[in-house]
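Here's the structure we're looking at; comments come further down.
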Amino acid sequence: CRRNCVCDTYFARANDLCEAQEKLFRDVRTVVDMEQAEKWEKDSAELIVELNAEKQGIWLAKNYRELKKVMRQLKEQVRSHNARVMAHDQLVEDNRLCDQFMERLDSLLNRHADLFHDKTEFIDPEEGNSWSQAVKDLHKEWLSLDSVRMSKTENFSIVQRRIRLATDSQFSIQKRIHQHNDQVAEQRAKAAYALIGDVEGRRLDSQQLNCIVKKAHNHLVIAGAGTGKTTTVVGKIKYLLRSKQCNPSDILVLSFTNASATEMNQRISAETGEKIEASTFHKLGLNIIAKVNGVMPKITQINLRKFVQEQ
């Protein structure tokens with residue numbers, strides 16, 4: 001009876017210690033409490049020493065076989081304890097890192113959704129480029145991590161799915177921005193005609209109206225002679241003034257020749273009733289230099305062809 005009682009006591013203590021170690025590593029979001037880990041290791045070592053001293057007296061106990069089994073488990077836990085503590089703490093850190101990536105991906109995906117949220121506003125293509133570069137940098141950073149370790153984290157599969165979603169969107173974002181801006185331009189073109197009416201006595205076609213209403217840092221219009229490029233420029237100026245986006249003093253009109261600049265002055269004034277001076281590139285540069293230096297620079301009279309040959 002005494003043997004059975006002692007054996008059961010050792011069995012309960014060993015079983016409690018096995019369960020206690022599992023509790024140490026249960027929360028993969030928190031590093032192991034080293035004070036508790038050291039206490040567990042000390043208690044386990046003491047139990048093993050005690051049991052070795054008592055073994056001869058209890059080997060005939062009823063539950064001795066079960067005790068041996070749980071003690072083998074406990075000894076294995078003792079041998080692997082320090083390595084398991086290190087592995088657990090590494091997993092906690094990897095989970096934290098994975099969660100950070102998930103938050104950054106969520107932020108990027110929300111930013112992508114916000115770009116296309118307003119169906120009435122143009123999207124700057126540079127915003128798409130900036131977003132694509134952010135996705136590319138984050139993906140590169142993710143690939144640089146230890147894939148084996150990260151695959152053990154709780155949210156690894158979620159991050160993988162969101163990275164695939166972001167990279168797929170990265171390759172199509174400029175096309176989608178282009179389609180979005182075309183739709184916005186089509187909507188605004190109708191309102192633009194109601195605002196400015198005919199330009200130079202003619203109704204602008206859909207392509208010309210789209211050119212007028214689109215917002216961009218630069219806008220290249222390619223068309224043949226006599227197809228209405230200058231009329232489109234005049235229409236753009238009229239639209240900016242009528243829609244209150246610009247004052248006359250905010251608008252700079254440049255041309256290549258004095259003759260075309262003079263013509264532009266006349267056409268803009270006739271259509272808008274505003275005095276907006278059109279200038280050549282050279283005259284603009286000359287005026288800027290004169291304003292900065294306080295004196296009009298002299299234009300060289302050197303024969304440039306002869307000068308180059310002499311050099």
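Heads up: numbering here begins at 1 and tracks the sequence.
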*Honestly curious: do I177 and V184 fall in one hydrophobic cluster under the side-chain, below-4.5 Å linking rule?*
no
*If only atom types and distance count, is the side chain of S260 paired as donor or acceptor with the main-chain N or O of T257 below 3.5 Å?*
yes
_Where A261 and A278 come nearest, the two heavy atoms and their spacing_ = O-CB, 3.5 Å
*From L254 CG over to E277 CD, what is the distance, rounded to the nearest 0.5 angstrom?*
10.5 Å
*Given N129 and Q133, is the side-chain hydrogen bond (donor to acceptor under 3.5 Å, both in side chains) satisfied, shown in steps?*
CA-CA 6 Å; N129 291 334; Q133 187 61 49; over 6 Å; no
*Compare all side-chain heavy atoms of R149 with those of L91 and state whether any distance is below 4.5 angstrom.*
no
*Quick one: closest heavy-atom pair of S130 and R111, and the distance?*
OG-NH2, 3.0 Å
*With side-chain contact (heavy atoms from CB on, under 4.5 Å) as the test, would you mind laying out the steps for L195 and S243 before giving the verdict?*
CA-CA 8 Å; L195 182 65; S243 61; 3.8 Å; yes
*asked:* For F281 and F256, take the angle between the two ring planes, folded into 0 to 90°, and tell me which bin it lands in: parallel under 30, tilted 30 to 60, perpendicular over 60.
replied: tilted
*Establish whether L165 and L108 are linked, either directly or via other cluster members, by ILVMFWY side-chain heavy-atom contacts under 4.5 Å.*
no
*First locate atom CG of D99, then atom CZ of R96, and finally report the distance between them rounded to the nearest 0.5 Å.*
9.0 Å
*Where do T227 and R202 come nearest, in terms of heavy atoms and distance?*
O-NH1, 4.3 Å
*Count the heavy atoms of every other residue, nucleotide or ligand shown that sit under 6.0 Å from CG of N258, and state whether that count exceeds 12.*
no
*Would one find more than 12 heavy atoms of other residues, nucleotides or ligands at under 6.0 Å from atom CD of E274?*
yes
_Contact between E200 and K238 at the side-chain level, heavy atoms closer than 4.5 Å - yes or no?_
no
*Under a 4.5 Å cut-off applied to non-hydrogen side-chain atoms, are Q179 and D182 in contact?*
no
*Check the pair E310, K306 against side-chain contact (heavy atoms from CB on, under 4.5 Å), reporting the backbone distance first and the verdict last.*
CA-CA 6 Å; E310 289 175 351; K306 182 180 178 182; 3.2 Å; yes
*Do V135 and H112 have side chains that get closer than 4.5 Å, going by heavy atoms?*
no
*asked:* Is it the case that atom NZ in K229 sees more than 12 heavy atoms from other parts of the structure closer than 6.0 Å?
replied: yes
*Can E271 and R267 be counted as an ion pair, charged N to O under 4.0 angstrom?*
no
_Can you tell me how far apart CD1 (I251) and CD (Q245) are? Round to the nearest 0.5 Å._
9.5 Å
*Rounded to the nearest 0.5 Å, how far apart are CZ of F171 and OG of S132?*
9.0 Å
_Under the criterion side-chain contact (heavy atoms from CB on, under 4.5 Å), I'd like the reasoning laid out for L284 against L252: C-alpha separation, chi angles, the key distance, then a yes or no._
CA-CA 10 Å; L284 174 68; L252 172 66; 4.0 Å; yes
_Strictly below 4.0 Å, N to O, side chains only: are K215 and D124 in salt-bridge contact?_
no
_Test item: C98 and W142 side chains (from C-beta on) under 4.5 Å apart, heavy atoms_ = yes
*Least distance between heavy atoms, G228 atom then Q208 atom*: O-NE2, 3.2 Å
*pair K136-K140: side-chain heavy atoms closer than 4.5 Å*: no
*Side-chain contact test, heavy atoms from C-beta onward, threshold under 4.5 Å: evaluate it for D198 versus Y193 and give yes or no.*
yes
_N/O donor-acceptor pair under 3.5 Å between N110 side chain and D106 backbone_ = yes
*Does NZ or CZ of R104 lie under 6.0 Å from the centre of the six-membered ring of F101, at an angle within 45° of the ring axis?*
yes
*With hydrophobic residues grouped by side-chain heavy-atom distances under 4.5 Å, do V213 and I123 end up in a single group?*
no
*Transitive ILVMFWY side-chain link I212 to F122, under 4.5 Å*: yes
*Does atom NZ of K283 have more than 12 heavy-atom neighbours, drawn from other residues, nucleotides or ligands, at distances under 6.0 Å?*
no
_Distance in Å, E127 CD paired with I173 CD1, rounded so as to fall on 0.5 Å steps_ = 9.0 Å
*Consider only side-chain heavy atoms of I, L, V, M, F, W and Y, link residues closer than 4.5 Å, and tell whether I196 and V253 are in one cluster.*
yes
*Apply side-chain hydrogen bond (donor to acceptor under 3.5 Å, both in side chains) to the pair T120 and D118, showing each step before the final yes or no.*
CA-CA 5 Å; T120 64; D118 193 341; 2.6 Å; yes
*Under the side-chain hydrogen bond (donor to acceptor under 3.5 Å, both in side chains) criterion, do W131 and Q170 qualify, and how do the steps go?*
CA-CA 8 Å; W131 185 86; Q170 173 194 353; over 6 Å; no
*Taking all heavy atoms of K236 and all of C211, pick out the closest pair and write down the distance.*
NZ-O, 4.0 Å
_Could you tell me if the side chain of P248 sits less than 4.5 Å from the side chain of L241, heavy atoms only?_
yes
*Distance from N293 atom CG to M296 atom CE, nearest 0.5 Å?*
11.0 Å
*Picking from R162, Q100, H139, what satisfies side-chain contact (heavy atoms from CB on, under 4.5 Å) with L105?*
R162
_Under 3.5 Å: donor-acceptor pair, side chain of N95, backbone of E154_ = yes
_More than 12 heavy atoms from other groups under 6.0 Å of NE2 on H219_ = yes
